[in-house]
Amino acid sequence: MKKISSFVLKIASRCNLNCSYCYMYNLGDKTYMNQPKFMSIDTITALAERLRSYCNAADIQFVQIVFHGGEPLLLSKEFFRESIEIFTSTCPDIEFSYTIQTNGVQLDNDWYHFFNEYQVKIGISFDGPRQQHDKYRRFHNGKGSYDDVATAVRLGKDNGLAGILMVLNTDIPPADFYNEIKQLGVRNLNLLFPDGHHSKLPGGFDMKRLSEAGYTPYADWLIALFVLWKKDKSRPTIRLFENIIALLMGNEQIGNQAMGKKTNGVAVIETNGGIEVVDSLRACYEGITRNNLNVHTGKIEDLFGDDVFELFYNSHEMVCEQCLNCPVYDICGGGFLGNRFSEANGFDNPTIYCKDIIRLVSFLQNDILESLPPDTVDRIGIEKMSYEEVLEELKRPADIPIDNSVKQKLISFKQLS
Ligand code: SF4
């Protein structure tokens, strides 16, 4: 049986910030307006009951619950306490791991102590130095949130902050960014490519330069960061780099929605109990994630009958022909599904970050090879890779043809008639 073991609970459909790039509020989809503002305890109870039967049937012993929003700290401590007790008492055979992803604005000592008591891992979304953070992550009155969030990050240093999540912003000089995370005492960082797709590119791309073969602004930024990071003897964990390196070293257990070849066993539970595919796909078009499934009326496994979820679950297998024939396919996996979308041909495209990924992966691969003793290089069996040669290879006729049914499925999501 296919397995979903990570559940992102949208416990609040509203937020106390109004970030300019947010897929919930400022990109392609406004359907959140029809959702209840907060998830109810009735919905948590219904979800726990569905989890018990689904996990039993699918032989799942370990489940990750991510409290997410909107802004999850708009709910009370009582809500979290009750929810965790309901999951534990309803599903005694499941081992739960809890995480909360917050914008950090309200995260004070009390909240840290509370989450530590319940062993909830805390992640904060952050955008770097004050000037850039405040440009994007603002309150509804336009005021920047840097001071509140920086305070929460500093507090977290001795209070078990699990990590910082940041959307890549190439406007920040990499050295400024690195200095910022060091002076805040961040120990664990993950970087996300901005939402966007072929019909709505993120602002980090200069449209006039898109057709240049050597134009890779995100990779250039990441490589500059990597060089600083590698030199630093007391460097924090940067998961994006560590994951790519692990994949290059042949670790098939590594992978997520954005890289590798693993299936994506992640579902979203909406505030009303709706069972959906991940909501970052909403940046593609209005209503893409919506279906009629709900924990109050149906089962979790019903999600496997949802077309978008089926594609998302298998998104590193269901890729366009170029990806199938790409030398870095095992690392990239075609990238995050939402970044492949175009109105003209649905998901039958490589990610918008294709060239950046080729540049970054080839740089990291060559860097690893230069750092290893020759006998280890022979043993792991990888060779130096040139960005330009990979681009040339992608222009050659494909050796591996795409299955026609996969191609039709990818194209079926196109929005232009
Ligand atoms: S690098 Fe480009 S062509 Fe290669 S797998 Fe990724 S998206 Fe596809």
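Order of listing sets the numbers, starting from 1, for every ligand and every atom in it.
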Using a strict cut-off of 4.0 Å, indicate which atoms of ligand 1 neighbour a heavy atom of Cys354.
1 (S), 2 (Fe), 3 (S), 7 (S)
Mind checking whether Ile223 and Thr216 have side chains closer than 4.5 Å, heavy atoms only?
no
Establish, yes or no, whether a centroid distance under 6.0 Å links the rings of Phe80 and Phe67.
yes
Side chain to side chain contact (heavy atoms under 4.5 Å, CB included) partner of Ile65, chosen from Ile269, Ile84, Ile100, Leu51
Leu51
May I ask you to test the Leu228-Phe177 pair for a side-chain heavy-atom distance under 4.5 Å?
no
Nearest protein heavy atom to atom 4 (Fe) of ligand 1, by residue and atom, and its distance?
Cys326 SG, 2.4 Å
Can you sort out which atoms of ligand 1 are near Ile358, meaning under 4.0 Å from one of its heavy atoms?
1 (S)
Could you tell me whether Tyr387 and Phe363 have their ring centroids closer than 6.0 angstrom?
no
Can you tell me which residue and heavy atom of the protein come closest to atom 8 (Fe) of ligand 1, and the distance to 0.1 Å?
Cys323 SG, 2.3 Å
In terms of atom number and element, which parts of ligand 1 are under 4.0 angstrom from non-hydrogen atoms of Thr351?
7 (S)
If you count the atoms of ligand 1 from 1 in the order shown, which ones are under 4.0 Å from a heavy atom of Gln322?
3 (S)
If you take the centroid of each ring, where Trp contributes its six-membered ring, are Trp221 and Tyr218 closer together than 6.0 Å?
no
Within less than 4.0 angstrom of ligand 1, does Gly335 place any heavy atom?
no
Identity and distance of the protein heavy atom lying nearest atom 6 (Fe) of ligand 1:
Cys332 SG, 2.3 Å
